[in-house]
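Scroll down for the structure; my scribbles are underneath it.
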Amino acid sequence: MEGGAYGAGKAGGAFDPYTLVRQPHTILRVVSWVFSIVVFGSIVNEGYLNSPSESEEFCIYNRNPNACGYGVTVGVLAFLTCLLYLALDVYFPQISSVKDRKKAVLSDIGVSAFWAFLWFVGFCFLANQWQVSEPKDNPLNEGTDAARAAIAFSFFSIFTWAGQAVLAFQRYQIGADSALFSQDYMDPSQDSSMPYAPYVEPSTGPEPTSMGGTYQQPASAFEPEPQGYQSQGY
């Protein structure tokens, strides 16, 4: 498995920040984290307007408070989820339980796919409410750039979270055939159950045919070998 999963190929491995930040799933998490900040930050800062005839602020998206509330809620929760799974990426090499490692990767698949769906719903909701908004509610076009930015980055977030789900699924498939989900990982060079590598005899004479031969472990290590010398009776 190239680079290991979550920055380590086996439980108990040392944390390597350089390897972690180069992982595609880590890059997508950071990008998703930034996108979530843009979405909820745009709505919180410029998504509510004032009207001279009204004492209370109203949502820029067709005066629908649910639209602004959805965008802020999903953005904040996505922000926290990214931080949670970034922390899991750091901690993952220290997880020794096979079941816990599997659960971590499976949860990554499910959560990422779920957030891709939430961002899809959010994009459709905000785009629809923005389209049917009345121009008279915002004659000065205040906050329009921020409103469009929230819609655009909601759309981009669909793909970043879907990408995380795909990468997590690939890591699960790779981990099933590697040391990632192995209960007792052992260095192949220390595994006594593996067959011995062929042994090359050193040269014992000037003849070309005696430059070396291969030796393989016999079926029984205690099987007697023919002897070239026979004892003589005295």
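Since the model is a prediction, treat every value here as computed from it, not as a measurement.
- Within the structure, disulfide (SG to SG under 2.5 Å) contacts touching residues 127-171 (residues at least two apart or in different chains) do not occur.
- A chain of hydrophobic side-chain contacts below 4.5 Å, direct or via other Ile, Leu, Val, Met, Phe, Trp or Tyr residues, connects Phe79 to Phe117.
- Judged as a salt bridge (charged side-chain N to carboxylate O under 4.0 Å, His left out), not a single pair has a partner in residues 31-44 (not counting sequence neighbours).
- In this structure Phe123 satisfies the ring pair (Phe, Tyr, Trp, His ring centres under 6.0 Å) test together with Phe155, sequence neighbours excluded.
- Through side-chain heavy atoms spaced under 4.5 Å, either directly or across other Ile, Leu, Val, Met, Phe, Trp or Tyr residues, Val166 is tied to no other residue.
- Residues His25 and Asp89 are in side-chain contact: their nearest non-hydrogen atoms beyond the backbone lie under 4.5 Å apart.
- Each of Leu167 and Ile174 belongs to its own hydrophobic cluster when Ile, Leu, Val, Met, Phe, Trp and Tyr are linked at side-chain heavy-atom distances under 4.5 angstrom.
- Residue pairs meeting the side chain to side chain donor-acceptor pair (under 3.5 Å) criterion with at least one partner in residues 60-79, sequence neighbours excluded, are Glu54-Arg63, Asn62-Gln129, Arg63-Asp137, Asn64-Gln129.
- Distance check, rounded to the nearest 0.5 Å: CD of Gln131 to CG of Leu126 gives 13.0 Å.
- Using bins of under 30°, 30° to 60° and over 60° for the plane-to-plane angle, the ring pair Trp115/Trp119 lands in the tilted bin.
- In the hydrophobic clustering, where aliphatic and aromatic side chains (Ile, Leu, Val, Met, Phe, Trp, Tyr) are joined below 4.5 Å either directly or transitively, Val132 stands alone.
- Applying the disulfide (SG to SG under 2.5 Å) test to every pair with at least one member in residues 89-168, sequence neighbours left out, gives no pairs at all.
- Remark: Arg148 engages Trp130, Thr144, Asp145 in a side-chain contact (heavy atoms from CB on, under 4.5 Å) (not counting sequence neighbours).
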Distance-only donor-acceptor pairs under 3.5 Å for side chains of residues 31-43, two or more places apart:
unit_1: Ser32; atom_1: OG; unit_2: Leu28; atom_2: O; d: 2.9
unit_1: Ser32; atom_1: OG; unit_2: Thr160; atom_2: OG1; d: 2.9
unit_1: Ser32; atom_1: OG; unit_2: Gln164; atom_2: NE2; d: 2.9
unit_1: Ser36; atom_1: OG; unit_2: Trp33; atom_2: O; d: 2.6
unit_1: Ser42; atom_1: OG; unit_2: Val38; atom_2: O; d: 2.6

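- Across Ile60 and Glu46, no two heavy atoms sit closer than the pair CD1-O, 4.2 Å.
- For Tyr48, the OH atom is densely surrounded, since the number of other residues' heavy atoms within 6.0 Å is greater than 12.
- Screening residues 31-73 for disulfide (SG to SG under 2.5 Å) gives Cys59-Cys68 as the qualifying pairs, with residues at least two apart or on separate chains.
- Phe114 is not listed as a side-chain neighbour of Thr81, based on a closest heavy-atom distance of 4.5 Å or more.
- With sequence neighbours excluded, no residue forms a ring pair (Phe, Tyr, Trp, His ring centres under 6.0 Å) with Phe169.
- Across every non-hydrogen atom of Ile27 and Arg22, the tightest pair is CD1-O, 4.2 Å.
- In this view, Ala162 and Ala116 satisfy the side-chain contact (heavy atoms from CB on, under 4.5 Å) rule, not counting sequence neighbours.
- Closest of all the heavy-atom pairs between Arg29 and Asp108 is NH2-OD2, 2.7 Å.
- If you chain together hydrophobic residues whose side chains sit under 4.5 Å apart, Leu77 and Leu86 never meet in one group.
- Panel note: side chain Arg171, backbone Val105; no donor-acceptor pair is recorded below 3.5 Å.
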Derivation of the side chain to side chain contact (heavy atoms under 4.5 Å, CB included) call for Asn138 and Ser133: CA-CA 9 Å; Asn138 188 16; Ser133 297; over 6 Å; no
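- The two residues Leu88 and Ala104 come nearest to each other via the heavy atoms CD2-CB, 4.0 Å.
- No chain of hydrophobic side-chain contacts below 4.5 Å, direct or via other Ile, Leu, Val, Met, Phe, Trp or Tyr residues, connects Val30 to Val90.
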